[in-house]
Amino acid sequence: MIEMYTQKIDGILFAIALNQQQIITASFGENQQTTINNVLGNVPFDMPFQFFHEPSAFAKKTFVTLNDIYGGKDAKNNLALATANLPAYTKKVLKATSAIPIGYVTSYGEMAKTVGGGPRAIGNIMAGNPFALIVPCHRVVKADFTLGGYGGGLKVKLELLGREKRGFSSSREIEVDGEKLRILPTEYVLRKIA
DNA sequence: TGCAAACCATAAC
DNA sequence: GTTATGGTTTGCA
């Protein structure tokens, strides 16, 4: 049985689907319509599910983390994600995305260089990210530091990045699965937009 | 700047 | 199997 929960915090609605141990999908938005739809769309078609009003402990913890990330806090989350039935390449991309620390961004192209494949394939996977906020797909932008797209709307993507700036001034490299990924200060994006 | 072509894993037929 | 689809990138005028 899949458990679904919603919670409204500061005017924004978070929705999640959980099994006992893992997060199946998470979404957020300003209205029920899109938020709930997103969650439903990512729940396996043949699985029974039920909405719950009172959040379980796991659900509470998840909501707190979501709200922290949304608020630009460096929420160290070790939430268990249900990635098992996702395609291998998708898993790889989501994992690399999760490795981007707060205060930095990278581009679709850089990600492609790191995990293989092409920039557009990366974009496709970001667009379908089942774990909104938890996998920080908002930290992936275009090579010229314009925003690219965002499921939750470009305005939100920009707001998130605005809260995440940490004053870093130069690019650096991190390692994911033994491959190098080039990351750049969030400021580069903010400056470009301004 | 702006446009066209190359790019590449997925999902949908 | 094949085709269509992008949250892209690059090159060239």
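Below, each value reflects all heavy atoms present in this structure, side chains not excepted, and no hydrogens, waters or symmetry copies. Numbers restart at 1 for each chain; the letters A, B, ... are given by sequence-line order, proteins then strands.
Straight-line distance from the CE atom of A:M111 to the P atom of C:dT9: 12 Å, rounded to whole Å. When the C1' atom of B:dC8 is taken as reference, atom OH of A:Y108 falls 16 Å away, rounded to whole Å. Atom-to-atom, NZ of A:K113 to P of B:dC7 comes out at 16 Å; the value is rounded to the nearest Å. Put simply, CG on A:L94 is 13 Å from C1' on B:dA9, counting in whole angstrom units. The distance between atom CG of A:N124 and atom P of C:dG7, rounded to the nearest whole Å, is 6 Å. If you measure from atom CG of A:N129 to atom P of C:dG6, you get 18 Å, rounded to the nearest angstrom. When the C1' atom of C:dG7 is taken as reference, atom NE2 of A:H138 falls 14 Å away, rounded to whole Å. Rounded to a whole Å, the CE atom of A:M126 is 15 Å from the C1' atom of B:dT10.
Residues A:K113 and A:E179 are not paired through a salt bridge, judged by the lack of any N-O separation under 4.0 Å between the basic side chain and the carboxylate. Comment: A:D177 engages A:K95 in a salt bridge, judged by a side-chain N to carboxylate O separation of less than 4.0 angstrom.
Closest to the side chain of A:K142, out of C:dT8, C:dG7, B:dA9, is C:dT8. You'll find that the side chain of A:Y150 is closest to C:dG7, out of B:dA9, C:dG7, C:dT9. Of all nucleotides listed (C:dG7, B:dC7, B:dT10), B:dC7 comes nearest to the side chain of A:R120. Here C:dT9 is the nucleotide among C:dT9, C:dG7, B:dT10 with the atom lying nearest to any side-chain atom of A:P119.
Between A:F145 and A:Y188, the ring-plane angle classifies as perpendicular under the 30° and 60° cut-offs.
Around atom NZ of A:K165, no more than 12 heavy atoms belonging to other residues, nucleotides or ligands sit under 6.0 Å away. More than 12 heavy atoms of other residues, nucleotides or ligands shown are found within 6.0 angstrom of CD on A:E173.
Looking at heavy-atom distances under 4.0 Å, A:V140 makes contact with a base. Among the protein residues, A:A127 comes within range of the nucleic acid bases, having at least one heavy atom under 4.0 Å from a base atom. Within the 4.0 angstrom heavy-atom criterion, base atoms lie near A:G149. Using a 4.0 Å heavy-atom criterion, one finds that A:G116 contacts no nucleic acid atom at all. Backbone-only engagement by A:Y89 is indicated by non-hydrogen atom pairs under 4.0 Å involving sugar-phosphate atoms exclusively.
The shortest distance between the side-chain N/O atoms of A:T90 and the OP1/OP2 oxygens of B:dA9 is not below 4.0 Å. Side-chain N/O atoms of A:S107 include one lying less than 4.0 angstrom from OP1 or OP2 on C:dT9.
Pairing of C:dG11, defined by two Watson-Crick or G-U wobble distances under 3.5 Å, is identified with B:dC3.
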